[in-house]
Enquirer: 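One structure, pasted below without further comment.
We name chains A, B, ... by the order of the sequence lines, and we start the count at 1 in each one. Please read these numbers as outputs of a predicted model, since none were measured by experiment.
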Amino acid sequence: MKPTYQERIWQVIHAIPAGKVSTYGAVATMAGLPRQARAVGRCLSQLPGDSKIPWHRVINAQGKISFPLESERFCRQKNLLEEELIIFSNNRVNLKQFLWRPG
DNA sequence: AAAGTGACCGATT
DNA sequence: GAATCGGCCACTT
């Protein structure tokens, strides 16, 4: 069976190791959907709460969490990342240090 | 049918 | 750094 784009997006996100992050745009490109960062965000927005997908390792290209500051979801994602020893400075992750690059 | 919206991005000014 | 712009596209008004 030819994989759905949604499935390929999940597969890419699954491949992000703990302690690293990726961005919506990078995930889109790796899933074969260049310039479709929004498709990734859309995809994640539809995930059930009990999903095993490491959705928290996906942040935006500025190194920031794409939820309103101090919102419930913002804090949940930040906590999950800090548990993986990812450092925030000014609510921002240093992508030079934490961005996952395959290869 | 048309306009607005959103877990976005890169290039440009 | 900040703001704008066009690209992108499913969904909701």
Enquirer: Measure CZ/A/Phe67 against P/B/dA7 and give the value in whole Å, please.
Expert: 7 Å

Enquirer: Using atom types as modelled and distance alone, determine if a side-chain donor or acceptor of A/Thr29 lies under 3.5 Å from a backbone N or O of A/Gly25.
Expert: yes

Enquirer: Please tabulate, one pair per line, all N/O donor-acceptor pairs under 3.5 Å involving side-chain atoms of residues 87-103 of chain A, not counting sequence neighbours.
Expert:
{"from": "A/Asn91", "atom 1": "OD1", "to": "A/Lys78", "atom 2": "NZ", "distance (Å)": "3.4"}
{"from": "A/Asn94", "atom 1": "OD1", "to": "A/Lys96", "atom 2": "N", "distance (Å)": "2.9"}

Enquirer: So which protein N/O to nucleotides 9-13 of chain B N/O distances come out below 3.5 Å?
Expert:
{"from": "B/dC9", "atom 1": "OP1", "to": "A/Tyr24", "atom 2": "N", "distance (Å)": "3.4"}
{"from": "B/dC9", "atom 1": "OP1", "to": "A/Gly25", "atom 2": "N", "distance (Å)": "3.3"}
{"from": "B/dC9", "atom 1": "OP1", "to": "A/Ala61", "atom 2": "N", "distance (Å)": "3.2"}
{"from": "B/dC9", "atom 1": "OP2", "to": "A/Ala61", "atom 2": "N", "distance (Å)": "2.9"}

Enquirer: Taking CD1 from A/Ile9 and C1' from C/dC8, how many angstroms apart are they, rounded to a whole number?
Expert: 13 Å

Enquirer: How far does the P atom of B/dA7 sit from the matching atom of C/dC5, given to the nearest Å?
Expert: 22 Å

Enquirer: Provide, to the nearest angstrom, the distance between the CG atom belonging to A/Leu33 and the C1' atom belonging to B/dC8.
Expert: 13 Å

Enquirer: Using a cut-off of 6.0 Å, state whether more than 12 heavy atoms not belonging to A/Glu82 lie near its atom CD.
Expert: yes

Enquirer: Could you check A/Ile16 against A/Val21 for side-chain contact (heavy atoms from CB on, under 4.5 Å), going step by step and ending with a plain yes or no?
Expert: CA-CA 7 Å; A/Ile16 307 171; A/Val21 299; 5.7 Å; no

Enquirer: Before giving the answer on side-chain contact (heavy atoms from CB on, under 4.5 Å), spell out for A/Ser66 and A/Gln77 the whole-Å C-alpha distance, their side-chain angles and the decisive distance to 0.1 Å.
Expert: CA-CA 10 Å; A/Ser66 294; A/Gln77 182 168 13; over 6 Å; no

Enquirer: In the structure I gave you, are the side-chain heavy atoms of A/Trp10 and A/Cys43 within less than 4.5 Å of one another anywhere?
Expert: yes

Enquirer: For A/Met30 and B/dC8, give me the distance from atom CE to atom C1', rounded to whole Å.
Expert: 14 Å

Enquirer: Of the residues in residues 73-88 of chain A, which ones touch DNA chain C at a heavy-atom distance under 4.0 Å?
Expert: none

Enquirer: Name the residue closer to the 5' end of DNA chain C, choosing between A/Gln46 and A/Arg35 according to the nucleotide with the nearest heavy atom.
Expert: A/Arg35

Enquirer: Has A/Ser51 got a side-chain atom pairing as donor or acceptor with A/Pro48's backbone, closer than 3.5 angstrom?
Expert: no

Enquirer: Less than 4.0 angstrom between a side-chain N/O of A/Arg57 and OP1 or OP2 of B/dA7, yes or no?
Expert: no

Enquirer: Under 4.0 Å between a side-chain nitrogen and a carboxylate oxygen: does that hold for A/Arg57 and A/Glu84?
Expert: yes

Enquirer: Taking all heavy atoms of A/Glu7 and all of A/Thr4, pick out the closest pair and write down the distance.
Expert: OE1-N, 2.8 Å

Enquirer: Expressed in angstrom and rounded to an integer, what is the separation of A/Ile65 atom CD1 from B/dC8 atom P?
Expert: 12 Å

